[in-house]
2 protein chains.
Amino acid sequence: MVTIKDVARHAGVAPSTVSYVLSGSRKISEETRTAVRAAIEELGYHPRASARTLRRARSEVLVLAVPREPGKYRAVDGRFAIDIGDMARDRGYDLLLMTDPDGVRGLTRVARSGLADGAVLMAVRERDPRIEALRAHGFPTALVGHGEESEGDDPPWVDLDWAAAVSLAVREAVAAGHRRIAFWASADHEFEARNGYALRGLAGAEAAARETGAEVRVRRSTVEPDEARARLVELLTARPRPTALLVQHLIPLPLLLEEIAALGLRVGEDLAVVLVGSLPDEAGALRLPRVELPVGRMAEAAVRLVVEAIENPERPYAERELIAPTLVAGGPPIVPPGG
Amino acid sequence: MVTIKDVARHAGVAPSTVSYVLSGSRKISEETRTAVRAAIEELGYHPRASARTLRRARSEVLVLAVPREPGKYRAVDGRFAIDIGDMARDRGYDLLLMTDPDGVRGLTRVARSGLADGAVLMAVRERDPRIEALRAHGFPTALVGHGEESEGDDPPWVDLDWAAAVSLAVREAVAAGHRRIAFWASADHEFEARNGYALRGLAGAEAAARETGAEVRVRRSTVEPDEARARLVELLTARPRPTALLVQHLIPLPLLLEEIAALGLRVGEDLAVVLVGSLPDEAGALRLPRVELPVGRMAEAAVRLVVEAIENPERPYAERELIAPTLVAGGPPIVPPGG
DNA sequence: ACCGTTCGTCGAATCGATTCGACGAACCAT
DNA sequence: ATGGTTCGTCGAATCGATTCGACGAACGGT
């Protein structure tokens, strides 16, 4: 293992000089600098992360807390992990993936052991114990998604404006001529957990219904396939039949499309389908119009927020970013049959 | 920040004694041990990771190299990341997510800086430069998926037996009475990259066709939606029409199902559909029979292999795990119409 | 020629945990 | 009582990089 001493010896200088060349924190003559650089290159030297961290009290690592209900996996979590990894790297941080189902223990360990400098928390629940634990340690934190009720001293967060997202989808459908709209909301268990996106999406649908005067029939999704089919059939066979279907819970989408076809309805002709909160690429192949979940922008914001908290430890928790939704066209138009 | 000295002072012992209580590497009297434990508990002490790593030359961290073609995201990568994180934690390791598109640079840095003790590489390509770089540093490595041609001195790897997986699907279909089978293979770009799973899946289909005497028509998938639709239509409208469709490239599955419905075919009645290599839950809602990609078992094996390499640095690269496929029933039977 | 700067580099202390050798106390055998 | 063990604990060295104070050389001003 090649250390800073080896580099120093090889370049004929003191270890401290090598360190100054690396950090640029003191002036070093051009001559010495090139000699040191050459030695570093030649020996393939990389500073030992642990030694640097020990001395600087900074690890240049972020931890991403991915929620784990054992056996359950949400595709969106993996997607966020990858994108947040990209963003962290852009800012010079590495990313530690924390999949501990009991997030508090793992995060406490990481915080107190100095393994990471800050945390990004996903799938934040109401009164999330992880937030309290990290705040108690004064550990810089940013949240992806926010709870139902955000108090003033919560960590900074970023989220899609879910109410606006669903509302946008409704208003677009209305603008295209639809009058009877079906909304396939988040799943039962998401409402039970009082997840912010579920509650806000529903609120957005109701608000848009009031504002536009359109009829919006709501049905919650479920993870139980047969039950999901039954609910969809009920939703789509109501008289008069809805001409547009807005889908927020995308997990059973293939099943929904299958059932729509089984009912003899053609997507885009008899029934307009709009996805809300889809990943940028998952529905790409389907070419359905959609309000995308801007994973990249959210990842960028989350990393920026936590890095700012790391670098300005004084600053009180304040920032929040509510991202405005945008509709992506795709496939057949949203126009209702005969409209 | 509470250090080992604080704990020692609080318990009235020397720092070294605290360390021995923690590691158990020397005998400590019951009395002292409980006193130290109490002090640790009371002060909320966690050993500083950097100090421990510096001294022990072990970080207890694994790095997962996720392949990144910028802008492209494969759901399976995120899934593996989460599962490998779980498995690493079970063995006492944390997981660092390395999303550097140029894997070599990032991995070299992690290896030489001692940030991690070992690496798991995903989406290994033929003659992958990352493998060579890590071997040059003597860095313990395990692969998820293996290239077309595995040489004797490759790092240990784990993979699903893709040839057997597709072959199994074919033979099950034949056993159920199908004689004309369509195989929706991996996508064009996967064949061009000579990905092992693409090549082996195809080989499995051909072998099974020979063995069973059934007619297996093969079509490669593509990421271009319109083209994919066209190829599927061509595949399914051939005369005589195939009665079973085996799908290995699952990305456009919603699109395929949509198109099948558009052709007026009912899945499970006019056309049996079997998925090969699906994630355990992604197709759950659809209840189609499938040969699952055993992500959990593969993650377990990958972590086990790299940890073994870390703990027995002498042992030459040798292990490989080829996982036998299993068919999971689901939904309607595979029987052909009128069969 | 002398004194005060400035410049570039060095030496040593430091971060916090681990680990080896040593040391005192207690114990046993003679 | 003495010498040899065993047991439990301690002190100090160590891992490798950073950073502060200091120091010698070069330089400019008078």
Side-chain angles (χ1 to χ4, degrees), chain A residues 1-40 43-61 92 109-117 137, chain B residues 1-40 43-61 92 109-117 137:
Chain A
M1 268 298 136
V2 37
T3 74
I4 200 171
K5 276 189 190 169
D6 301 322
V7 174
R9 198 173 319 122
H10 201 267
V13 298
S16 48
T17 303
V18 176
S19 178
Y20 289 126
V21 169
L22 247 29
S23 68
S25 64
R26 276 199 189 178
K27 208 164 198 182
I28 297 291
S29 71
E30 179 62 34
E31 194 189 344
T32 307
R33 233 183 307 144
T34 55
V36 169
R37 291 250 167 75
I40 288 174
L43 301 178
Y45 167 72
H46 281 257
R48 203 64 59 90
S50 54
R52 171 173 278 187
T53 297
L54 176 58
R55 185 58 229 246
R56 292 216 255 203
R58 275 286 174 84
S59 65
E60 316 270 89
V61 170
R109 177 175 61 79
V110 169
R112 304 210 71 144
S113 70
L115 199 50
D117 299 333
H137 295 113
Chain B
M1 268 299 137
V2 37
T3 74
I4 200 172
K5 276 189 189 170
D6 301 323
V7 175
R9 197 172 320 124
H10 201 266
V13 298
S16 47
T17 303
V18 176
S19 178
Y20 289 126
V21 169
L22 246 29
S23 68
S25 65
R26 275 198 189 179
K27 208 164 198 181
I28 298 291
S29 70
E30 178 63 35
E31 195 187 343
T32 307
R33 232 183 309 143
T34 55
V36 169
R37 292 249 166 77
I40 288 174
L43 301 178
Y45 167 72
H46 281 257
R48 203 63 58 90
S50 54
R52 170 173 281 185
T53 297
L54 176 59
R55 184 59 229 245
R56 294 214 253 201
R58 277 286 174 85
S59 65
E60 316 270 87
V61 170
R109 177 175 61 82
V110 169
R112 304 209 71 142
S113 70
L115 200 50
D117 299 334
H137 294 114

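Letters A, B, ... are given to chains in the order of the sequence lines, protein chains preceding strands, and every chain is numbered from 1. Please read these numbers as outputs of a predicted model, since none were measured by experiment.
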Which heavy atom of [X] sits nearest to which heavy atom of [Y], and what is that distance?
X       : Y       : answer
B:Ala8  : B:Pro15 : CB-N, 3.6 Å
B:Ala11 : B:Ala35 : CB-O, 4.0 Å
A:Leu54 : B:Ala51 : CD1-CB, 3.8 Å

Grab the [atom1]-[atom2] distance between [X] and [N] for me, whole Å please.
X        : N      : atom1 : atom2 : result
A:Arg58  : D:dT19 : CZ    : P     : 11 Å
B:Leu115 : D:dG16 : CG    : P     : 16 Å
A:Glu60  : D:dT18 : CD    : P     : 11 Å

Review point. For residues B:Thr32 and B:Ser29, is any side-chain donor paired with an opposing acceptor at under 3.5 Å?
Key: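 A donor-acceptor contact under 3.5 Å links the two side chains.
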Review point. Does anything in residues 24-34 of chain B reach DNA chain D, meaning a heavy atom under 4.0 Å, and if so which residues?
Key: B:Arg26, B:Lys27, B:Ile28, B:Ser29, B:Thr32
**Study point:** Members of residues 4-20 of chain A that approach DNA chain D, where some heavy atom sits under 4.0 Å away
**Key:**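 Nucleic-acid contacts, sorted: A:Ile4, A:Ser16, A:Ser19, A:Tyr20.
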Point to revise | Close side-chain approach of A:Val110 to B:His46, heavy-atom, < 4.5 Å | key: no
Review point. With a 4.5 Å limit on heavy-atom distance, are the side chains of B:Arg37 and B:Arg33 in contact?
Key: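 Contact flag for B:Arg37/B:Arg33 side chains = yes.
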Review point. Sequence neighbours excluded, which residues qualify as salt bridge (Lys or Arg N to Asp or Glu O under 4.0 Å) partners of B:Arg109?
Key: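 A:Asp94.
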Nearest 0.5 angstrom please: [X] [atom1] to [Y] [atom2], how far?
X       : Y       : atom1 : atom2 : answer
B:Leu43 : B:Thr3  : CG    : OG1   : 9.5 Å
B:Arg52 : B:Arg58 : CZ    : CZ    : 13.0 Å
B:Asp6  : B:Met1  : CG    : CE    : 11.0 Å

**Study point:** Strand-adjacent residues in residues 48-57 of chain A, judged by heavy atoms under 4.0 Å from DNA chain C
**Key:**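 Residues of residues 48-57 of chain A under 4.0 Å from DNA chain C: A:Leu54, A:Arg55.
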Review point. Would you say A:Thr17's side chain and A:Val13's backbone share a donor-acceptor pair under 3.5 angstrom?
Key: no
Exercise for review: Would you please test A:Leu115 and B:Arg48 for side-chain contact (heavy atoms from CB on, under 4.5 Å) and show each step?
Suggested key: CA-CA 8 Å; A:Leu115 199 50; B:Arg48 203 63 58 90; over 6 Å; no
Just distance, no hydrogens or angles: give the donor-acceptor pairs under 3.5 Å from side chains in residues 20-28 of chain B, sequence neighbours left out.
unit_1  : atom_1 : unit_2  : atom_2 : d
B:Ser23 : OG     : B:Ser19 : O      : 3.2
B:Ser23 : OG     : B:Ser25 : N      : 3.2
B:Ser23 : OG     : B:Ser25 : OG     : 3.0

Exercise for review: Enter the inter-axis angle for the ends of the helix from C:dA1-D:dT30 to C:dT30-D:dA1 (five pairs per end, rounded to 10°).
Suggested key: 50°
